[in-house]
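Notes follow the structure.
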Amino acid sequence: MITRHVKALVGALVFTVLFSGAYAFKHNDFKKCETSAFCARSRAEMKSYARTYELSKVQVSGSKITAVAEEPVTKAHMQLEVTAYVGGKVRVKMIEPGSGRYEVQDVLSPTLASQEVAWEVLEQTKGETAVKISGTEIEVSLLHRPMEVAMYVNNEKQLLFNSEQKFFHELQARARQPNDPEEWYHEKFNSHSENKKYGKQNIAIDVTFPAGEEVYGIPERATSMALRPTLGPQGTPVSEPYRMYNLDVFEYLSESPFGLYGSIPFMMAHGKDANGVLNTVGMLWLNAAEMYVDIKKQDKGQSTYWYAESGTMDLFFFAGPTPAKVIEQYSQITSTTTLPPLFATGYHQCRWNYRDELDVDNVDAGFDTHEMPYDVIWLDIEHTDGKKYFTWDSRAFPTPLQMQEKISNKSRKMVTIVDPHIKRDSGYKVHTDAVSKNYYVKTPEGKDYEGWCWPGSSSYLDFTNPEVRQYWSGQFALDSYKGSTMDLFTWNDMNEPSVFNGPEVTMPKNMLHLGQIE
């Protein structure tokens with residue numbers, strides 16, 4: 001009896017070890033701040049750095065405030081632009097003239113320009129420009145020397161940019177110097193290496209929420225809703241900073257600042273102001289580059305430090321004063337999410353994978369037998385012909401129209417999967433179209449980028465190209481997607497993008513998109 005119990009215990013321990021090892025987070029496959037050159041550099045500089053920008057030629061005209069921002073030591077010149085919008089929104093943008101830095105496309109609402117509203121000048125002196133959004137109690141103060149932008153709501157200071165003088169913007173127009181460190185132009189991680197055409201391009205900013213008792217946002221990660229500090233009171237790191245970089249990390253850690261599948265550089269702060277009134281404000285940094293964020297609790301309020309690898313400094317401030325109002329203001333600049341169809345809110349049945357049409361029929365019938373309601377059944381990648389999307393395996397799924405008809409006759413729907421990687425197969429029309437139309441992401445040498453994913457050797461469509469997006473959407477039409485019906489919907493997966501043999505299981509950063517953008 002004892003021997004049997006010992007054997008059972010040993011077996012359970014072995015299973016636990018094997019199971020844990022198979023599904024544990026693979027630390028060495030992913031970067032930390034210390035192994036990411038721009039983050040390590042930015043975080044170290046943020047501790048001691050204070051480089052004062054000064055404003056001159058400040059002008060208020062209609063909805064815009066413009067000024068020249070100069071850093072006296074390096075003589076770096078940038079253009080500051082602060083724009084007012086209806087509904088309590090303010091945009092703060094620092095522009096490097098002639099830099100050619102990438103600006104995010106196709107995200108802002110096409111109605112944004114029509115939302116601009118005039119500033120009302122309250123005071124303008126040599127040291128400060130104070131304005132108010134017309135018809136509101138939302139004020140903005142620009143301190144000229146040193147540069148600082150503060151937003152007040154109902155006379156209470158709620159949001160500050162550069163109050164700690166940590167703004168840093170590496171000038172892209174700067175020529176390479178003989179003594180520049182090699183890491184600025186070439187970075188290695190594990191077995192992967194990456195050349196950086198423009199050298200270091202990082203941007204760092206500080207944003208302070210004076211009344212913020214808690215801060216929320218910067219998804220996606222598995223941690224508490226209220227974000228924990230990553231820096232101690234003296235600025236000493238107590239954890240990794242929060243990372244924003246789209247990665248396919250299904251073996252993730254809980255209670256970790258490590259970033260998961262999606263990234264939105266949006267943050268809200270909530271707390272009581274000096275009068276004891278609860279307020280919520282928010283911010284968005286419109287930048288698609290990889291970012292890290294540090295958070296530090298102050299005696300009152302919270303300071304946040306943002307490090308971006310490249311891109312531009314383009315901030316939106318949202319005056320709230322409630323969480324719902326902040327989301328409304330955010331939605332006004334990005335547009336709102338399309339409401340899902342009613343069936344999408346029901347129960348969905350999915351597994352990897354259904355073997356064939358009979359398997360689908362049996363699962364569908366099983367729900368009826370056990371009187372369990374469900375609305376949608378999903379088919380993973382094995383339903384396709386050799387993992388080529390918009391196709392069907394003719395042996396396992398020979399009659400997709402009839403299969404869908406059986407499902408839809410019960411007022412149910414079906415979903416099939418598509419991924420952004422395209423199998424490199426000369427008999428696959430989507431691939432041959434992409435090659436002939438030059439639709440794939442390119443290597444620095446101008447060749448189609450090839451990575452490894454579910455189909456094997458694959459290339460990746462350049463969805464930054466509007467023509468590619470138009471082509472891709474056309475593949476879902478009934479006459480293009482043979483075997484599809486109006487009751488077939490789409491599971492859009494692996495969009496990080498996931499590349500099994502790429503650095504951090506994704507695409508190298510120096511691959512080229514439309515306009516030679518990395």
Quick check: do Lys157 and Phe209 have side-chain heavy atoms less than 4.5 Å from each other? no
Within the 4.5 Å heavy-atom criterion, are Val505 and Phe500 side-chain neighbours or not? yes
Does the ring center of Phe266 lie less than 6.0 Å from the ring center of Tyr330? yes
Is the shortest heavy-atom distance from the side chain of Glu71 to the side chain of His169 under 4.5 Å? no
Got a salt bridge between Lys442 and Glu518, using NZ or NE/NH1/NH2 to carboxylate O under 4.0 Å? no
Assert yes or no for the condition that the ring centre distance of Phe167 to Tyr53 is strictly below 6.0 Å. yes
If you round to the nearest 0.5 Å, how far is CG of Asn195 from CG of Asn510? 6.5 Å
Salt bridge check, Lys31 against Glu187: does any charged N sit closer than 4.0 Å to a carboxylate O? yes
Answer yes or no: is there an ion pair linking Glu81 with Lys64, defined by an N-O contact shorter than 4.0 Å? yes
Using a strict 4.0 Å threshold on nitrogen-to-oxygen distance, state whether Glu34 and Arg43 make a salt bridge. no
Around Asn492, counting heavy atoms of other residues, nucleotides and ligands shown, do more than 12 lie under 6.0 Å from its CG? yes
Would you say the side chain of Ser36 lies within less than 4.5 Å of the side chain of Glu290, judging by non-hydrogen atoms? yes
Could you walk me through whether Arg221 and Phe258 pass the side-chain contact (heavy atoms from CB on, under 4.5 Å) test, one step at a time? CA-CA 6 Å; Arg221 63 199 78 253; Phe258 190 82; 5.9 Å; no
Do Gln298 and Ser303 have a side chain donor and acceptor closer than 3.5 Å? yes
Using a 4.5 Å cut-off on heavy atoms from C-beta on, say whether the side chain of Thr66 contacts that of Gln79. yes
Salt-bridge test for Glu504 and Arg243: reply yes if a basic N is under 4.0 Å from a carboxylate O, no otherwise. yes
Against the six-membered ring of Tyr245, is Lys509 placed for a cation-pi contact (under 6.0 Å from the centre, within 45° of the normal)? yes
Ring centres under 6.0 angstrom apart (Trp352, Trp491): no
Polar side chain donor-acceptor pair, Arg228 to Thr223, under 3.5 angstrom: yes
